J.: 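Structure below; questions to follow.
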Amino acid sequence: MKFRAIEHSLRKHQTRRKIPKIASVVALTILLSVISIYSPSTQFHTKRASKLPSEFDSAEEPVKPTAPSGALLEACRNEHDGSEPCNHRETEVEDQKVTKADEEEPPRLKGEEVEVTKSAEIEARGSQEEEYCDLFSGEWVPNPEAPYYTNSCYGIQEHQNCMKYGRPDIEFLKWRWKPDGCELPIFDPRQFLQLVRGKSIAFVGDSVARNHLQSLMCLLSSVLYPREISKSTDENRHWEYQGYNFRMSIFWAPYLVRSVEVTGPKDRTRSFSLYLDEFDENWTTKIEEYDYFIISAGHWFFRPTMFYEKGNLVGCQYCPQENVTRLTAYFSYQRALRTAFRAINSLQNFKSVIFLRTFAPSHFENGTWDSGGNCPRTRPYKRNEAVLEGYNLELYKIQLEELRIAQEEGRRKPGLRFRLFDATKAMLLRPDGHPSVYGHLAGQKLELPRDCVHWCLPGPIDSWNDILLELLRRELRN
């Protein structure tokens, strides 16, 4: 079913000429009242997943949720002892610049790059988007019914459990993403499980990809806990939702291509060698098993790295060697995405839907991640208060262009579809959604005490699953 804008429904009747007969005027008034009652905002409002208890769990009195044996998500290795990859260690960021502008415009891209990027974005969405409203341009609107699970969810990692560690405000939980042209239904866990019955979905990327998966697991937990079926104890994990024959996986691939760490996990720099034209077989050898893939990456590309192509060193980023060509994260990111998509397109008779989830901006203010930067805001930006620029804009443009190239190649392969999952514009407006200092005990001494990269759970990232469910609906209708 196509989405229809509320304004269109009303405007259709308001622009008719007046009918002189009193009876006709009365009839028209009644008709407008009925249309108002059954507007799209009512038609597309779905059943909520769960209700919010009166209080959140705190660090002083933690709640231990019960779950079937084998369903608990094993806690990630302690990120502060240096043994777990944690993508807020590497990100070099700039302050988000705030400008006053017309609130009726969508979030802006900087300078003359607006039109070029917009054209690439429209093309990257794929032909199926022409029949539907744009899910990715909109604003955050109040939603007093949120959130739909509590911080006792078994899938939440400690550094994302903002309420447990004393975040004093809850207003950041009370918003939903509203596209400009339609009403986006709130995630319905039962409907989701029905849509994916007999199918499988995999997340590929870094810890923000894992953040997304954990949000989805928490939303589904009001209906069913999964059974973990992982055969290894590394970052690659697998779960099965029994009764639905639905499988969900996470593949750890922060660079998407083959990479080798050249320093120990306790080394603050965490330097890597990237083989930019070689597939990461950690996930590329397994993709034929899945019906849906959500690929994302970005934050790790700002680490010290050595770049290789055809087995030869071609450059580096933040390296101490003086005789090596200095290259940027944009160089490695573009080539890594192209190689990842090439790996998918190289498969014969592969049928799947590949979503590229675009970069979710971090929100450090008054400094970078390693120089006192923080994200203290408690409300979303209004539309166009934040400008997409700098490294956020550059990565976004690279993603749109590489997705377009992959789509062109993929059109020659029946059953293989590349789709855009644009999270950038929505999350640019959510500086209030990060853990900041509320991902650990107060006074705990950490190397990186403020996290403005990951997202609180529950929190704004839950809206990604509102979008995901609608994208899956559209795929099934095509």
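As the structure is a prediction and not an experimental result, all values here were calculated from the model. Numbers here are sequence positions counted from 1.
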J.: Is the Tyr391 ring parallel, tilted or perpendicular to the Phe359 ring (thresholds 30°, 60°)?
T.: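 Perpendicular, since the angle between the ring planes exceeds 60°.
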J.: What salt bridge (Lys or Arg N to Asp or Glu O under 4.0 Å) pairs are there with at least one residue in residues 240-250, not counting sequence neighbours?
T.: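 As it turns out, the salt bridge (Lys or Arg N to Asp or Glu O under 4.0 Å) pairs with a partner in residues 240-250, which skip direct neighbours, are Arg227-Glu240, Arg247-Glu289.
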J.: Please list, chain by chain and in numerical order, all residues satisfying side chain to side chain donor-acceptor pair (under 3.5 Å) with Asn211, sequence neighbours excluded.
T.: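 None.
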J.: Restricting to ring-ring contact (aromatic ring centres under 6.0 Å, His included), what partner residues turn up for Phe355, sequence neighbours left out?
T.: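 Applying ring-ring contact (aromatic ring centres under 6.0 Å, His included) to Phe355 gives none.
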J.: Identify the two heavy atoms, one from Leu276 and one from Val257, that lie closest to each other, and give their separation to 0.1 Å.
T.: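 Here Leu276 and Val257 meet closest at O-CG1, 4.0 Å.
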J.: So do His434 and Asp451 actually touch side chain to side chain, heavy atoms under 4.5 Å?
T.: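 A side-chain contact is absent here, since even the closest heavy-atom pair is not under 4.5 Å.
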J.: If you look at every heavy atom in Ala297 and Tyr333, which pair is closest and at what distance?
T.: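 Shortest heavy-atom contact: O-OH, 2.7 Å.
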J.: Name all residues meeting the ring-ring contact (aromatic ring centres under 6.0 Å, His included) criterion together with Phe279; count only those two or more places apart in sequence or in a different chain, and write none if there are none.
T.: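 Per chain and number, Phe279 pairs via ring-ring contact (aromatic ring centres under 6.0 Å, His included) with no residue.
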J.: List for me each residue that meets side chain to side chain donor-acceptor pair (under 3.5 Å) alongside Arg379, sequence neighbours excluded, and say none if there are none.
T.: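 Arg379 satisfies side chain to side chain donor-acceptor pair (under 3.5 Å) with Glu171 only.
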J.: So that I know where these two stand, are Tyr308 and Tyr275 an aromatic pair - ring centroids less than 6.0 Å apart?
T.: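 Yes, the ring of Tyr308 comes within the 6.0 Å limit of the ring of Tyr275, centre to centre.
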J.: Scan the side chains in residues 344-353 for donor-acceptor partners under 3.5 Å anywhere in the protein, sequence neighbours excluded, and list what turns up.
T.:
from: Asn345; atom 1: ND2; to: Ala406; atom 2: O; distance (Å): 3.4
from: Ser346; atom 1: OG; to: Arg342; atom 2: O; distance (Å): 3.4
from: Ser346; atom 1: OG; to: Ala343; atom 2: O; distance (Å): 2.7
from: Ser352; atom 1: OG; to: Tyr290; atom 2: O; distance (Å): 3.4
from: Ser352; atom 1: OG; to: Asp291; atom 2: O; distance (Å): 2.9

J.: Taking all non-hydrogen atoms of both residues, which atom of Tyr154 and which atom of Ser221 are closest, and how far apart?
T.: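 Looks like CE2-CB, 3.8 Å.
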J.: Which residues pass the side chain to side chain donor-acceptor pair (under 3.5 Å) test with Gln242, sequence neighbours left out?
T.: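 Here no residue qualifies.
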J.: Once side-chain contact (heavy atoms from CB on, under 4.5 Å) is applied, do any residues pair with Pro380, and if so which ones, sequence neighbours excluded?
T.: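 With neighbours one apart ignored, the set is Trp140, Trp175, Arg430, Asp432.
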J.: Using atom types as modelled and distance alone, determine if a side-chain donor or acceptor of Gln334 lies under 3.5 Å from a backbone N or O of Ile398.
T.: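 Such a contact is absent between Gln334 side chain and Ile398 backbone.
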J.: Show me the pairs that pass disulfide (SG to SG under 2.5 Å) and involve residues 338-399, at least two apart or across chains.
T.: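 Those involving residues 338-399 are Cys375-Cys452.
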J.: Gln317 side chain to Ala329 main-chain N or O, any donor-acceptor pair under 3.5 Å?
T.: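 At least one qualifying donor-acceptor pair exists.
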J.: Counting N and O atoms only, with roles assigned by atom type, does the side chain of His363 sit under 3.5 Å from a partner on the main chain of Leu428, one being a donor and the other an acceptor?
T.: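 Confirmed, His363 side chain pairs with Leu428 backbone.
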J.: My understanding is that only residues two or more places apart in sequence, or in another chain, count here; which of them pass side-chain contact (heavy atoms from CB on, under 4.5 Å) with Ser296?
T.: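 Per chain and number, Ser296 pairs via side-chain contact (heavy atoms from CB on, under 4.5 Å) with Ala209, Arg357.
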J.: When you compare the side chains of Ser436 and Asn374, does any donor N or O come within less than 3.5 Å of an acceptor on the partner?
T.: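 Result is yes, a qualifying pair exists.
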J.: Could you list the residues that satisfy ring-ring contact (aromatic ring centres under 6.0 Å, His included) with Phe307, not counting sequence neighbours?
T.: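 Expected list: Phe331.
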J.: For Arg303 and Tyr255: C-alpha separation, side-chain torsions, deciding distance, then whether side chain to side chain contact (heavy atoms under 4.5 Å, CB included) applies.
T.: CA-CA 11 Å; Arg303 292 178 182 272; Tyr255 290 113; 3.3 Å; yes
J.: With a 3.5 Å distance limit and no angle check, can you tell me whether Arg326 reaches the backbone of Val324 through a side-chain donor-acceptor pair?
T.: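 Confirmed, Arg326 side chain pairs with Val324 backbone.
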J.: Keeping the roles fixed (side chain from Ser362, backbone from Phe364), state whether a donor-acceptor pair exists under 3.5 Å.
T.: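 Absent.
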J.: Would you mind listing every disulfide (SG to SG under 2.5 Å) that reaches into residues 277-361, with sequence neighbours excluded?
T.: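 Every pair satisfying disulfide (SG to SG under 2.5 Å) with a residue in residues 277-361: Cys316-Cys319.
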J.: Would you mind reporting whether Lys310 and Asp277 have side-chain heavy atoms less than 4.5 Å apart?
T.: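 Yes - at least one pair of side-chain heavy atoms lies under 4.5 Å apart.
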J.: Can you name the closest pair of heavy atoms from Phe187 and Asp466 and give their distance?
T.: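 So the minimum-distance heavy-atom pair works out to N-OD1, 2.8 Å.
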J.: Are Glu281 and Arg258 close enough that some pair of their side-chain heavy atoms sits under 4.5 Å apart?
T.: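 Contact flag for Glu281/Arg258 side chains = no.
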